[in-house]
Every structure is written in C-alpha cells, then in structure tokens.
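In what follows, every heavy atom counts, from backbone to side chain, and hydrogens, waters and symmetry copies are set aside.
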Amino acid sequence: MSCDANRFVTWNVNSLKVRLPHVLRYLDEKRPTLVALQELKCVTEQVPTEPFAERGYQILAFGQPTYNGVALIAPNEWQAQEVHRGIPGFADDAARLLAVEWRIPAQTRPLWTVSAYFPNGQAVGSEKFAYKLRWIEALTAWLAALDPQRQAIFVMGDANIAPEARDAHPSWPEESIHVSSAERAAWAELVAQGFTDAVRICHPEEVLYSWWDYRQGAFRRNIGLRIDHILVSAPLARCVIAAGVDREPRTWQRPSDHAPVWVEWLPPTNMATQSSNSV
DNA sequence: ATGTCGCCTTAAAGGCGA
C-alpha cells in the first residue's frame with residue numbers, strides 16, 4: 001500500500017457462495033487491509049482459498065451447514081498466533097465467532113481481530129432472545145479478559161443491535177427486536193469494557209444504516225437499521241482517521257441485505273517498527 | 001401486504017431463519 005493507513009471492513013454477506021463475486025470485487029476495488037465476514041452459510045471446507053491467495057490475502061473461516069459462519073480475510077504475511085472458534089468457555093452449537101491474534105511484520109505489538117455474528121434473537125422474550133443475551137454476556141466477559149484498556153483489539157461484526165434511537169428508522173417498533181432496552185443495555189455493557197464505536201468517532205450524530213430488509217423496497221426508501229459495528233479498544237480510539245458505511249455494494253446485482261462498514265486507522269507509534277536511530 | 005432472500009428437503013413446493 002502506498003500509505004500507512006489500514007482499512008478494516010465488516011460485512012454480513014448472507015451466503016459466501018452467492019456473494020463471493022461481490023467480496024472479490026470489493027477486495028479489488030477497495031484493497032482493504034482486513035475484512036471480517038458474517039453469515040457464510042456454508043461449512044469451512046467450502047470456503048475457497050485460491051481467489052483470496054491470488055489477491056494477496058489469506059482467509060480463516062469458521063463455518064457450519066446452512067446457517068451462521070464467520071471469517072477473517074487478512075494479508076498473507078500476517079501470522080495468526082492464536083485462533084479461537086467460538087467464545088472460549090461458552091458452549092455454542094452455532095459458528096458465530098472467530099477471534100485471531102495477529103503478529104504483523106514491522107509491528108511490535110500483537111493485534112486482535114474478532115469477527116462476530118451475534119444471535120438475531122427473533123423476538124423479545126423468546127428463547128432465542130434469552131440465548132442472544134447469554135451469548136453477549138459471555139462475549140463481554142471474554143473481551144474484558146483480553147484487557148481492552150491496554151491491548152489493541154477490533155471487534156467487528158453484525159451485532160443485531162441498533163445501539164441508539166437514531167440507529168433505527170422511526171418506523172421500527174419501539175422495544176422490538178434489535179432495539180429493545182435489554183439488548184441496548186447488553187451492548188452498552190460490552191462497549192463499556194473499554195471500546196469505542198468507530199463510526200460514531202467520525203459521525204457522532206449522522207443517521208447511518210447498515211442493513212435494509214429485502215422487502216418493501218426498504219433500501220430505496222432508506223428504511224434500515226445500523227446493526228453492523230466496528231469497536232476499537234482504548235489504545236486504538238485515537239488512531240481512527242475515518243469510518244463509514246459503503247452503500248455501493250448494496251446497489252449491486254443480487255446484493256446482501258447488509259452493507260460493508262469500514263474504518264481507516266493509523267498504527268499507534270508504539271505499534272510501529274522502532275526507527276533505526278532509536279535504541 | 002404474509003411483500004424477499006438463501007438453504008434445506010425422499011425434487012417441488014414448502015419450511016425455516018433472517
């Protein structure tokens with residue numbers, strides 16, 4: 001890359017098989033540093049590696065038949081030091097989390113990246129809703145143990161939660177799924193461990209959505225939710241230089257119902273290689 | 001509008017999940 005800025009992206013692709021051409025087009029056009037994917041809807045063995053390798057990337061995936069599935073696409077030269085498939089210590093039938101600690105050439109500090117597909121929750125008060133809250137609680141506890149006040153961590157994914165009122169179109173029913181007080185409190189507790197919402201660093205008030213229902217021409221009418229997020233840990237908050245939502249892939253033929261959410265950041269000075277004249 | 005997708009199934013339309 002011609003400059004030092006990193007571009008990290010999270011994208012719920014709603015079937016990697018169907019959306020592979022979109023992902024490859026996105027890599028070719030935007031040249032992101034790292035992409036976190038959700039809803040692969042295929043088993044790990046069906047995730048292709050060649051088209052990514054050709055473009056200079058490796059892909060680490062955690063899939064299962066039919067539902068869920070997450071992945072991380074990263075530069076070939078990055079070394080995965082530690083890999084977690086699922087929240088450590090939390091029994092879960094669903095492939096919803098892939099966490100990788102990277103060793104990056106020319107950087108002294110390791111970097112954690114997490115691709116997370118939070119449970120949808122279906123309806124407030126349902127069994128799936130209770131599972132959603134338990135899942136978030138387990139993720140929060142594990143992230144806290146990673147020490148986000150000190151370590152460099154990106155938590156990226158489809159949280160299935162619109163954190164604040166302006167993150168949901170006014171037509172979305174109050175206290176329904178994705179916007180309920182219980183979900184927002186669980187999200188706030190996770191964030192409070194030491195994270196900052198990257199998009200809100202750059203756009204504190206703007207109405208930005210990342211998902212629009214396939215039905216009712218919701219995208220054309222901009223009736224959506226902001227449920228896909230990138231959280232940065234405390235040491236990274238001041239490193240964010242830009243962030244936003246890429247609406248363009250949502251206009252492509254046969255799109256995912258989600259748009260990519262991205263952040264650009266510069267490594268903190270203590271992550272960069274020591275200069276030659278330093279001791 | 002129960003409005004659309006994607007994936008699954010004793011294959012063809014229907015169920016499930018989102």
Side-chain angles (χ1 to χ4, degrees), chain A residues 10-26 35-48 51 59 61-71 86 92-98 115-136 139 156-163 167-180 182-184 186-187 209-229 245-261:
Chain A
T10 184
W11 195 3
N12 179 323
V13 291
N14 187 18
S15 169
L16 182 60
K17 204 172 298 180
V18 172
R19 234 66 67 187
L20 183 62
H22 286 203
V23 175
L24 298 179
R25 176 177 173 184
Y26 194 87
V35 182
L37 301 178
Q38 300 85 39
E39 279 210 84
L40 306 182
K41 292 187 169 178
C42 66
V43 298
T44 306
E45 294 70 28
Q46 289 176 307
V47 175
I59 181 165
F62 177 35
Q64 69 176 101
T66 314
Y67 303 121
N68 309 311
V70 287
D92 194 353
D93 293 332
R96 297 185 174 277
L97 180 128
L98 178 65
S115 180
Y117 178 46
F118 289 43
N120 175 289
Q122 197 175 53
V124 174
S126 67
E127 276 186 30
K128 288 176 180 174
F129 187 78
Y131 161 65
K132 180 177 193 174
L133 296 181
R134 278 190 288 111
W135 193 94
I136 298 170
L139 176 59
M156 320 171 69
D158 175 0
N160 270 312
I161 297 172
D167 296 320
H169 188 271
S171 65
W172 199 267
E174 285 183 24
E175 289 300 333
S176 66
I177 196 66
H178 308 307
V179 303
S180 70
E183 290 165 272
R184 285 175 167 169
W187 176 255
Y209 300 142
S210 65
W211 171 85
W212 302 261
D213 199 299
Y214 283 122
R215 295 166 287 190
Q216 302 175 254
F219 180 66
R220 179 178 49 80
R221 299 156 66 196
N222 198 29
I223 297 172
L225 301 173
R226 192 175 73 93
I227 54 177
D228 300 271
H229 307 295
V245 179
D246 269 334
R247 294 169 60 100
E248 191 195 330
R250 189 62 175 76
T251 70
W252 294 347
Q253 288 294 320
R254 212 179 174 192
S256 168
D257 44 354
H258 296 253
V261 174

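Nucleic acid contact class of A/Tyr117 (heavy atoms, under 4.0 Å, all strands): sugar-phosphate only.
A donor and an acceptor atom, one from each side chain of A/Ser256 and A/His258, are nowhere located under 3.5 Å apart. Counting only N and O atoms by type, the side chains of A/Lys41 and A/Asn14 include a donor and acceptor under 3.5 Å apart.
The distance from atom OH of A/Tyr214 to atom P of B/dG17 is 18 Å, rounded to the nearest whole Å. One atom, CZ of A/Arg254, and another, C1' of B/dC7, lie 11 Å apart when rounded to the nearest Å. Between the P atom of B/dA18 and the CZ atom of A/Phe129 lies a distance of 14 Å, rounded to the nearest Å. Between the CZ atom of A/Arg221 and the C1' atom of B/dT4 there is a distance of 14 Å, rounded to whole Å. Note: CD1 (A/Ile223) to P (B/dA1) measures 13 Å, nearest angstrom. Between A/Arg96 atom CZ and B/dA18 atom C1' the separation is 11 Å, expressed in whole Å. Computed from coordinates, the A/His258 NE2 to B/dT4 P distance equals 18 Å when rounded to whole Å. Counting to the nearest Å, the C1' atom of B/dA18 and the CD atom of A/Gln38 are 14 Å from each other.
Here A/Ser15 reaches the OP1 or OP2 of B/dC7: one of its side-chain N or O atoms lies under 4.0 Å away. Taking 4.0 angstrom as the limit, A/Lys128 places a side-chain polar atom (N or O) nearer than this to OP1 or OP2 of B/dG17. Note on A/Arg19: a side-chain N or O is less than 4.0 Å away from OP1 or OP2 of B/dG6. Phosphate proximity of B/dG3 to A/Arg215: present, with a side-chain N or O under 4.0 Å from OP1 or OP2.
The side chain of A/Tyr67 sits closest to B/dG17 out of B/dC7, B/dA18, B/dG17. With B/dC7, B/dG6, B/dA18 as the candidates, the nucleotide lying closest to the side chain of A/Asn120 is B/dA18.
Relative ring orientation between A/Trp11 and A/His22 is described as parallel, the plane-to-plane angle staying below 30° on a 0-90° scale split at 30° and 60°. Classified by interplanar angle (parallel below 30°, tilted 30° to 60°, perpendicular above 60°), the ring pair A/His178/A/Trp172 is tilted.
Between A/Thr66 and A/Asp257, the residue whose closest nucleotide on DNA chain B is further toward the 5' end is A/Thr66. Comparing A/Asp213 and A/Gln122 by the nucleotide of DNA chain B that holds the closest heavy atom to each, the one mapping nearer the 5' end is A/Asp213.
Straight-line distance between the C1' atoms of B/dG14 and B/dT10: roughly 14 Å, to the nearest whole Å. Taking atom P in both B/dA13 and B/dA1, the straight-line distance is 29 Å, to the nearest Å. The gap from the C1' atom of B/dA12 to that of B/dC7 amounts to 15 Å, rounded to the nearest Å.
The CZ atom of A/Arg215 sits 12.5 Å away from atom CD1 of A/Ile223, with the distance rounded to the nearest 0.5 Å.
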